[in-house]
Amino acid sequence: MLVASPLASCTKGGGGGNSDKPVLYVYNWGTFIDKSVNTIFEEEFGCTVMYETYDSNEAMYQKVKGSTSNYDVVFPSDYMVEKMVKEGMLAQIDKTKIPNFANIQTRLKGMDYDPTNTYSIPYFWGTVGILYNTTMVEEPVDSWEILWNEDYKGQIIMYDSQRDSLAVALKALGYSANTRSLEELKEAEEKLIAQKPLVMAYYTDIIVDMMIGEEAALSVVYSGDAIMAMEENEDLAYAVPMEGSNVWFDNVAILSTSKNKELAEEYINFLCRDDISMLNTEEVMYSTANKNVAEELQESDWAGNDTYFVPDNVLARCEVFLDLGEFVQEYANAWLRVKGQ
Amino acid sequence: MKTTRILGIPYYVWMAIFIVLPLVLMLVLSLQARGSDDWTLDNFKNFFASENGMYMRIISDSTVLAGYSTVLCLLIGYPVAYFVSKLPSRQSSFFLIMLVLPTWLNFLLRTYSWMNLLGKNGLINKFLVFFGLKPMNLLYNNGAILLGMVYNFLPFMVYPIYSVMAKIKPTFLEAARDLGASEFQAFWKITFPLTIPGIITGIMMVFMPAVSTFVIPELLGGGQRMYIGNLIQHQFLQSGDWNMGSAVSILMMAMILVAMFILNKFDATGDKEDALW
Amino acid sequence: MKDTIIEVRELLKEYGGEAVVNYISFSVAEGEFVTLLGPSGCGKTTILRLLAGFEKPTGGDIFLYGKKINDMLPFERPVNTVFQNYALFPHLNVYENIAFPLKIKKLPKKTIEEKVSYYLEVVNLTGFGKRDVESLSGGQQQRVAIARALANEPKVLLLDEPLSALDLKLRKEMQNELKRIQQEVEITFIYVTHDQEEALSLSDKVIVMRKGEILQIGSPIDIYNEPINAYVAGFIGESNIIDGTMSRSYEVDFLGKAFMCVDRKFPETNQVKVLIRPEDIGFSAIEGSKLPATIKSVTFKGVHYEYTAEVDGFIFLIHSTISKQEGEAVGLTFTPNDIHIMRAEQRNIIPALVDNNGHVEFLGGVFECEYDGEGTDVLAVIKPADWIIYPPGDPSAKLHAVIQNISYHSERYECVARCQDSDLMIESISPLKMGEVLGLDVHSDDIAIIRDEQALEDMDNEDIDEEERDV
């Protein structure tokens with residue numbers, strides 16, 4: 001064990017809370033952690049972890065922003081990190097407290113949304129693509145256009161989130177997923193409206209179950225969900241279309257309102273530890289940011305899995321979501337018009 | 001008198017914090033533009049003047065859907081309440097418990113279960129295929145949404161109707177029969193008018209959650225159409241436009257209040273002379 | 001005598017094998033005010049419901065004007081009911097309640113208005129039409145219920161304890177009202193009550209019931225003065241009941257003395273019960289008195305004193321306006337007219353052996369019974385009418401008896417039959433023949449097990465006490 005005196009370090013960081021034990025409030029994506037991890041942390045650091053989950057960056061943002069919530073640690077995606085940094089919602093992380101930062105893959109450090117990793121440490125990452133059932137889709141899946149193919153009417157599940165779905169349409173049209181052009185956005189909106197009659201459902205988390213249960217032929221999913229689904233159902237396959245897609249990074253960060261920053265930093269360092277990373281990776285099945293874990297997995301039966309170990313040529317045609325500032329309202333309105341149509 | 005007032009204080013405080021304050025906040029938000037402190041009616045104007053009348057259409061869709069659910073719940077729930085009230089008390093309490101038993105499960109879990117039943121490879125379709133029939137599209141349409149609503153809200157209709165029905169003394173019906181009424185006349189002129197308060201409560205209890213639910217259309221309807229609940233959810237969580245979200249919420253509340261007002265009017269006329277003859 | 005409007009013949013109603021109304025027959029004349037009187041659970045309300053058509057008889061027939069109406073539905077019968085709790089429709093006002101049957105009949109609006117206002121007048125509620133029924137007092141609600149039932153213009157009005165929910169003063173008032181209304185509308189009233197005073201003051205004819213059977217039918221005066229047995233006497237009012245013997249007509253022996261009386265001897269038995277009402281007993285000087293007594297207690301009751309006085313171990317209850325002291329020695333007097341002779345209730349008392357498993361054995365047969373007392377040597381008590389009679393040799397028969405003698409009493413046959421060495425009293429509604437062999441059984445409910453003769457007396461007293469407590 002690396003930690004010398006866990007108890008001492010915890011009592012020091014304890015702020016608020018009437019119990020003797022300090023409490024760490026963690027707000028994470030659903031199904032984004034191994035269940036035992038928090039328990040291990042509680043045992044090692046003699047504290048209590050209050051754990052809650054969300055299912056979209058926007059939902060997390062709305063809940064954290066301006067409210068009196070007492071969360072310490074959150075897991076924003078790339079563009080959300082950017083947005084939250086701009087709005088001063090994230091605290092600077094003292095990297096001397098995160099020796100395990102050395103375990104993070106170098107190519108994932110210093111991305112555009114946080115060039116110095118001052119506010120965020122990569123946690124998991126992956127792509128957005130098409131998960132499809134090979135028994136229902138015989139043609140090759142290499143373009144977003146297949147989601148507009150009349151043959152699959154009523155067999156398509158779209159991702160029920162404004163940026164993800166609009167990114168699909170924008171990419172299909174050959175535009176940037178971060179476009180600030182109203183015309184391009186309008187085109188994407190109309191493309192999604194035109195797609196509505198073909199769409200079976202707009203879901204988020206449950207797409208995996210739907211695909212495993214062979215309820216639909218095609219769906220837009222995150223690569224991690226795809227891996228999970230493919231493990232369960234051999235007929236499923238995943239592709240990142242040639243028009244390019246979104247590559248995303250989910251990061252761990254500390255809120256500037258955190259009353260327990262030192263314990264939060266311990267938590268982040270803990271998550272970067274190899275053994276904990278491995279536990280989470282095996283549970284979550286998204287591409288890990290931890291280089292040691294990734295190397296270990298290259299030698300496992302996951303070796304050669306393009307969905308997990310994203311090839312460079314795929315990564316090259318993908319772009320990271322950027323924070324669009326106030327312009328994101330246009331995305332929201334466009335998506336509202338799609339859904340409300 | 002004084003002590004009752006003192007004893008009421010915790011309740012008033014509770015009301016102020018959890019009911020009045022949020023309402024006031026919502027009203028304030030709805031009267032301000034996003035990110036500004038100036039008073040404006042823009043949110044409401046936008047609402048009524050939205051592109052293609054989208055908001056109005058969402059409201060009317062929601063009302064129609066909630067209306068259908070309520071009517072269906074009434075059509076199913078009234079006879080259920082009637083027959084349960086005629087059973088010996090031991091059996092009727094058994095039936096009532098059976099009716100609420102599913103509500104002891106988590107709401108989402110119940111809805112997911114319906115997805116498993118109705119899905120393309122769900123239990124019902126597997127059954128159909130087993131008997132050589134063609135599988136049907138049971139999910140991701142308005143029928144599935146209605147089913148989910150009726151399933152989830154039926155107890156809210158049955159209970160209030162049952163509770164007034166159970167209080168109708170059997171001698172009322174015997175008296176009616178004795179005075180020359182046929183079985184149907186006795187029902188129509190005695191039982192039915194006496195159950196109107198229960199029907200009205202039932203309608204309110206079903207209509208309100210039905211008009212504002214967003215989980216059922218999202219899951220069973222595949223999120224293909226937007227209803228008021230989804231709209232409010234979108235405004236608050238996806239779009240982050242709390243002001244517009246508040247405006248929609250306020251309008252929805254106003255709508256429900258109007259509906260309740262009309263219903264109460266109807267209840268009141270039920271007591272007027274000859275109103276039911 | 002007026003025409004018979006209702007005739008009930010051998011009416012039987014069972015719930016789950018239990019007879020609530022047990023082969024009852026009576027008739028009602030047109031315009032008569034008939035009261036069914038008895039403690040709760042005696043079956044009187046069930047009879048009313050059978051007449052109204054809310055219940056179907058298990059057996060027997062109901063005739064209206066000589067026409068059988070067993071299968072007629074309630075609304076087809078020219079009979080209406082005033083319910084115990086009024087059953088006024090709460091969503092309708094007074095006018096609408098009374099108009100209910102008329103609207104059902106689809107009478108013209110004008111006719112309805114006339115009739116409603118007429119019946120409102122009959123029940124003294126003119127001007128109450130617009131009132132909400134729930135805003136009325138109990139007595140007013142009762143009047144509305146009567147008006148509503150009358151508005152349907154029935155041939156017979158059934159009233160189910162209509163005054164029981166009212167307080168004493170209102171009850172007295174409504175008694176007079178009821179009598180007046182009945183005389184005004186000239187409709188036959190069949191009235192159910194457990195209140196003997198109500199029954200005596202209202203009725204032309206009283207039918208006293210107990211446990212699904214009719215004990216006595218008669219005018220209030222007959223019932224009061226000539227109760228058929230100790231039970232009726234006890235139920236109708238306070239009384240002194242003394243065991244006596246009568247070896248010839250117009251003379252009865254009790255308390256070791258012979259007294260003149262006005263009754264004839266019963267042909268079948270010498271054993272009688274003597275009834276003397278407390279208010280019929282007077283005081284005389286102790287010297288030369290036929291019944292010297294000692295005053296045991298005095299209670300002042302307002303109008304009169306209530307005394308208990310002992311004569312040879314028998315305690316008399318006396319009501320008198322004359323003042324006496326406790327411990328005073330007095331003579332008791334009454335006239336032959338005040339002595340009422342009742343037939344002593346006949347019972348078979350048979351020595352038996354009981355075990356703890358609910359079986360009792362007597363006369364060579366084994367029967368089921370309920371007994372949780374001590375000891376195995378007991379007496380089985382069975383009423384003559386409770387025997388179940390089978391043809392001889394029927395496998396269900398547990399005993400066999402040979403008929404020794406028969407007598408016929410108003411629609412029933414009584415016989416004495418020999419079983420082993422005992423004589424059994426048996427009553428039957430179907431004809432019996434001398435010398436005939438009867439197969440006998442008896443239902444476990446109809447066997448009372450007692451330890452000795454003393455317990456028999458206790459049982460009788462308890463019987464009355466219990467039923468009066470119910471009331």
Side-chain angles (χ1 to χ4, degrees), chain A residues 54-63 65-67 83 133 136 153-166 189 193 195-207 209-217 233 326 328-341, chain B residues 25 29 34-35 46 50-59 61-62 108 111-112 115-123 125-126 135 137-141 144-145 214-215 217-228 230-245 248:
Chain A
Y54 53 85
D55 63 1
S56 80
N57 276 304
E58 285 72 21
M60 177 273 291
Y61 172 82
Q62 292 302 340
K63 188 141 182 207
K65 182 196 164 199
S67 77
K83 180 180 170 77
N133 191 312
M136 303 179 197
K153 182 175 173 159
Q155 300 184 61
I156 297 167
I157 308 180
M158 287 296 283
Y159 207 85
D160 191 4
S161 123
Q162 56 197 37
R163 287 213 66 175
D164 291 306
S165 277
L166 280 164
E189 176 191 324
I193 289 170
Q195 185 204 21
K196 274 198 92 174
L198 308 184
V199 175
M200 180 185 105
Y202 296 86
Y203 286 144
T204 53
D205 290 346
I206 58 172
I207 294 178
D209 298 318
M210 294 273 124
M211 292 305 290
I212 293 168
E214 307 193 336
E215 285 287 310
N233 188 330
E326 277 301 300
V328 79
Q329 262 317 299
E330 298 300 335
Y331 277 67
N333 292 340
W335 182 237
L336 176 60
R337 285 191 292 269
V338 171
K339 286 294 294 295
Q341 200 58 46
Chain B
L25 275 177
L29 278 172
R34 188 188 169 110
N46 289 343
S50 60
E51 237 177 290
N52 311 324
M54 187 174 73
Y55 286 99
M56 290 304 284
R57 221 210 40 251
I58 289 173
I59 290 259
D61 281 359
S62 304
L108 277 177
T111 311
Y112 282 132
M115 296 179 71
N116 278 327
L117 280 174
L118 299 175
K120 281 178 191 159
N121 297 308
L123 218 58
N125 273 328
K126 275 190 181 143
N137 263 334
L138 301 168
L139 256 185
Y140 322 113
N141 52 41
I145 298 178
F214 58 90
V215 175
E218 211 162 71
L219 292 179
L220 296 178
Q224 291 177 5
R225 306 208 78 165
M226 204 167 233
Y227 297 98
I228 306 180
N230 308 87
L231 178 62
I232 295 172
Q233 190 204 23
H234 175 92
Q235 297 291 9
F236 275 93
L237 295 183
Q238 296 240 10
S239 171
D241 192 346
W242 289 31
N243 304 85
M244 191 67 204
V248 179

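Naming convention: chains lettered A, B, ... in sequence-line order (proteins, then strands); numbering from 1 in each chain.
- Note that NZ of Lys339(A) is 11.5 Å distant from CE of Met54(B), once rounded to the nearest 0.5 Å.
- Only the side chain of Leu231(B) comes within contact range of chain A, judged by heavy atoms closer than 4.5 Å.
- When every heavy atom of Tyr202(A) is checked against every heavy atom of Gly223(B), the shortest pair comes out as CD1-O, 3.4 Å.
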Apply side-chain contact (heavy atoms from CB on, under 4.5 Å) to the pair Ile206(A) and Tyr112(B), showing each step before the final yes or no.
-> CA-CA 10 Å; Ile206(A) 58 172; Tyr112(B) 282 132; 3.3 Å; yes
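- Within the 4.5 angstrom heavy-atom criterion, only side-chain atoms of Glu326(A), from C-beta onward, approach chain B.
- Remark: Tyr203(A) OH to Glu218(B) CD distance equals 9.0 Å, nearest 0.5 Å.
- Considering only heavy-atom pairs separated by less than 4.5 Å from chain B, the leading option among Met158(A), Glu214(A), Met60(A), Arg163(A) is Glu214(A).
- The shortest distance between side-chain heavy atoms of Met115(B) and Asp209(A) does not fall below 4.5 Å.
- In terms of modelled atom types and a separation under 3.5 Å, the side chain of Gln224(B) and the main chain of Val199(A) share a donor-acceptor contact.
- Dense packing is recorded around NZ of Lys196(A), with more than 12 heavy atoms of other residues, nucleotides or ligands lying under 6.0 Å away.
- At a 4.5 Å heavy-atom cutoff, Ile157(A) makes no contact with chain B through either its backbone or its side chain.
- When heavy atoms are compared at a cutoff of 4.5 Å, Tyr227(B) does not approach chain A at all.
- Residue contact with chain B, scored on non-hydrogen atoms closer than 4.5 Å, involves the side chain of Gln329(A) exclusively.
- Looking at Leu336(A) and Gln235(B), their side chains come closer than 4.5 Å, going by heavy atoms from C-beta outward.
- Between the side chain of Arg57(B) and the backbone N or O of Gly340(A) there is at least one donor-acceptor pair closer than 3.5 Å.
- Atom CH2 of Trp242(B) sits about 8.0 Å away from atom NZ of Lys65(A), to the nearest 0.5 Å.
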